[in-house]
Protein chains: 2
Amino acid sequence: MDDIAPPADATPRHDEAPRLRRLSLYEVVAERLREMVLEGELPPGGRISEKKLCETFEVSRTPLREALKVLANEGIIELLPNRGAKVTEVEPREVADLFEVMVELEGLSGRLLASRADEVAIAEIRDLHDRMMAHYRQQERQDYFALNQRLHRRLTEIAGNRVLLELEASLTVKVTRARYAANLQLGRWEESAREHQAILEALERRDGEGLARAMREHMRRTGEAVIQGLVDG
Amino acid sequence: MDDIAPPADATPRHDEAPRLRRLSLYEVVAERLREMVLEGELPPGGRISEKKLCETFEVSRTPLREALKVLANEGIIELLPNRGAKVTEVEPREVADLFEVMVELEGLSGRLLASRADEVAIAEIRDLHDRMMAHYRQQERQDYFALNQRLHRRLTEIAGNRVLLELEASLTVKVTRARYAANLQLGRWEESAREHQAILEALERRDGEGLARAMREHMRRTGEAVIQGLVDG
DNA sequence: ATTCTGCATTTTGAATTCAAAATACACGAA
DNA sequence: TTCGTGTATTTTGAATTCAAAATGCAGAAT
């Protein structure tokens with residue numbers, strides 16, 4: 001078939017996902033800005049200078065401003081009419097509200113999960129969970145966190161409610177930001193691992209109410225820890 | 001859930017900054033576009049021509065495209081790379097997911113409400129409710145609907161969770177769109193009025209669980225009716 | 001007739017330009 | 001000094017311009 005030697009400098013054509021498209025510039029910029037805000041490279045409350053960002057990204061103002069509109073809609077930054085933009089502050093009160101909502105969504109996610117997860121899905125979750133726990137035992141913080149995010153996302157995917165999935169995704173950005181701002185301690189790690197255990201067990205029992213409760217509880221405690229970290233500073 | 005946030009002054013905050021500012025052009029355009037999509041003036045699935053919209057709005061492409069970015073983020077339209085945009089379709093499955101989430105949020109709203117609404121707030125709600133019911137008796141559909149929206153919004157405002165408020169606002173846009181698409185019949189009116197009655201009673205009893213249940217149920221039934229209308233229609 | 005190819009036209013993506021608003025600063029009066 | 005006031009500079013809002021991609025279509029090849 002296609003085992004004829006390709007030209008040396010050609011990019012592979014038959015790779016990747018079904019459809020692969022070149023992202024618009026504003027999407028790239030938005031993604032990069034999100035990162036910068038998340039990791040505190042742009043400090044909360046800090047004014048954003050369009051010109052400076054244009055220079056660092058080496059793009060013109062048009063795509064940059066389009067990206068700003070998107071981030072503003074996501075609540076990551078605020079647009080001040082005629083005065084540019086500033087990074088949204090992380091206020092404990094707001095974060096508390098955020099988790100209060102997340103707890104409900106997690107509950108829904110759990111209930112749906114228990115009724116919709118089949119054997120294959122559960123096996124996949126268990127695998128993710130095991131790998132995550134391995135990182136936990138190795139104290140590999142970054143990997144643990146990354147897998148944790150992925151696991152949570154996968155759970156909601158399996159729950160099968162698209163609206164819920166999008167919502168959680170967008171709220172998770174804020175949660176992550178709060179986490180960074182709170183510089184969450186490792187102390188919570190152990191507790192968190194136990195909660196994950198409980199979640200997995202409820203899932204394997206197909207115990208909808210139990211799963212909902214476990215997931216809510218996990219989110220509630222995470223919220224408490226984050227807010228604690230924020231308040232203590 | 002236990003109070004995490006510090007007491008803070010429980011001041012009712014219907015005191016939005018009365019600062020008067022001229023809206024940006026893209027905000028005006030976005031608002032108008034939202035209306036057009038909502039009322040079906042731009043049909044679901046229909047392609048959006050930038051040029052044509054520029055001409056009808058009499059603005060240049062820059063603010064128009066910024067508005068499109070915002071609406072895309074809200075899920076009202078979809079951006080097709082290099083091929084403009086199209087109005088998002090209203091699919092029964094998606095609408096079902098939407099209401100599933102809304103039911104949970106209403107439940108949260110109800111529980112918070114019962115614990116946070118003071119006498120003044122309850123009196124205000126009762127007033128809105130009475131006025132709404134007057135429109136119901138007069139069969140003034142438009143006014144009833146407008147006041148209904150306002151009442152629901154006010155309930156969530158009083159519940160005092162900002163994140164929840166924003167979320168409901170953005171989801172309500174989609175709900176309203178589904179409603180239009182379903183061309184919701186009057187048959188549901190009467191039932192809806194009864195449910196509102198139940199909500200008000202639970203609120204006045206300060207019955208948190210009862211209120212949560214009533215509000216969830218109301219949203220659940222609304223969803224059923226809308227989806228029914230979508231599938232039949 | 002059907003499919004393919006190449007070109008002209010249209011539409012979108014992004015940079016640039018122009019105008020309006022906000023900011024910074026120097027100067028003068030109380 | 002401190003407070004305004006007026007002006008120059010910077011920054012933002014929006015229109016325009018330029019380039020790249022997609023679309024439509026005529027004619028050729030099958």
Side-chain angles (χ1 to χ4, degrees), chain A residues 10-11 13 15-34 36-37 41-88, chain B residues 17-34 36-37 41-43 45-88:
Chain A
T11 54
R13 280 292 155 91
D15 56 45
E16 311 284 300
R19 60 160 179 273
L20 145 84
R21 70 184 177 84
R22 172 176 159 286
L23 316 180
S24 294
L25 207 37
Y26 88 93
E27 292 175 285
V28 179
V29 171
E31 185 52 41
R32 182 82 190 88
L33 267 175
R34 229 176 258 119
M36 290 174 75
V37 170
E41 195 171 335
L42 293 172
R47 271 283 289 280
I48 293 179
S49 157
E50 279 186 16
K51 191 150 64 128
K52 203 166 153 206
L53 284 183
C54 283
E55 283 160 10
T56 53
F57 292 147
E58 297 182 289
V59 298
S60 78
R61 283 176 56 218
T62 307
L64 177 71
R65 301 186 79 233
E66 290 176 346
L68 290 181
K69 297 286 178 301
V70 172
L71 296 208
N73 209 270
E74 290 176 11
I76 292 173
I77 66 170
E78 291 168 56
L79 263 28
L80 317 174
N82 293 317
R83 303 213 262 116
K86 68 164 196 161
V87 179
T88 306
Chain B
R19 316 171 36 180
L20 172 61
R21 73 181 175 87
R22 171 174 160 288
L23 312 181
S24 295
L25 207 36
Y26 88 93
E27 291 177 285
V28 179
V29 171
E31 184 53 42
R32 182 84 190 85
L33 267 175
R34 227 176 260 118
M36 289 173 75
V37 171
E41 195 172 333
L42 293 173
R47 272 283 291 280
I48 294 180
S49 156
E50 280 186 14
K51 192 152 63 131
K52 203 166 152 206
L53 284 183
C54 284
E55 284 160 11
T56 53
F57 292 150
E58 297 181 292
V59 298
S60 78
R61 282 176 57 215
T62 307
L64 176 71
R65 301 187 78 234
E66 289 176 347
L68 289 181
K69 297 287 178 299
V70 172
L71 296 209
N73 209 268
E74 290 176 11
I76 292 172
I77 67 171
E78 291 169 55
L79 263 29
L80 316 174
N82 292 316
R83 307 214 259 115
K86 69 164 194 158
V87 179
T88 305

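Chain identifiers are assigned alphabetically (A, B, ...) following the order of the sequence lines, protein sequences preceding nucleic acid strands; residue numbering begins at 1 within each chain.
Listed by chain and number, the residues in a side-chain contact (heavy atoms from CB on, under 4.5 Å) with T56(A) are L53(A) (sequence neighbours excluded). Judged as a side chain to side chain donor-acceptor pair (under 3.5 Å), and not counting sequence neighbours, R47(B) has no contacts. Taking P43(B) as the reference, nothing meets the side-chain contact (heavy atoms from CB on, under 4.5 Å) condition, with sequence neighbours excluded.
In the helix from dA1(C)-dT30(D) to dA30(C)-dT1(D), the rotation axis of the first five pairs and that of the last five pairs differ in direction by 10°, rounded to 10 degrees.
A salt bridge (charged side-chain N to carboxylate O under 4.0 Å, His left out) check over residues 53-62 of chain B, counting only residues at least two apart or in different chains, returns the pairs E50(B)-R61(B). Identified under the side-chain hydrogen bond (donor to acceptor under 3.5 Å, both in side chains) test for residues 71-88 of chain B, with sequence neighbours left out: R34(B)-E74(B).
When every heavy atom of L68(A) is checked against every heavy atom of L79(A), the shortest pair comes out as O-CD1, 4.2 Å.
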Checklist outcome for this item: Whether each nucleotide of nucleotides 5-19 of chain D has a protein heavy atom under 4.0 Å at its base (B), only at its sugar-phosphate (S) or at neither (-) is summarised, 5' to 3', as ------SBBSBB---
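If you take CG on L71(B) and CD1 on I76(B), they are separated by 5.0 Å, rounding to the nearest 0.5 Å.
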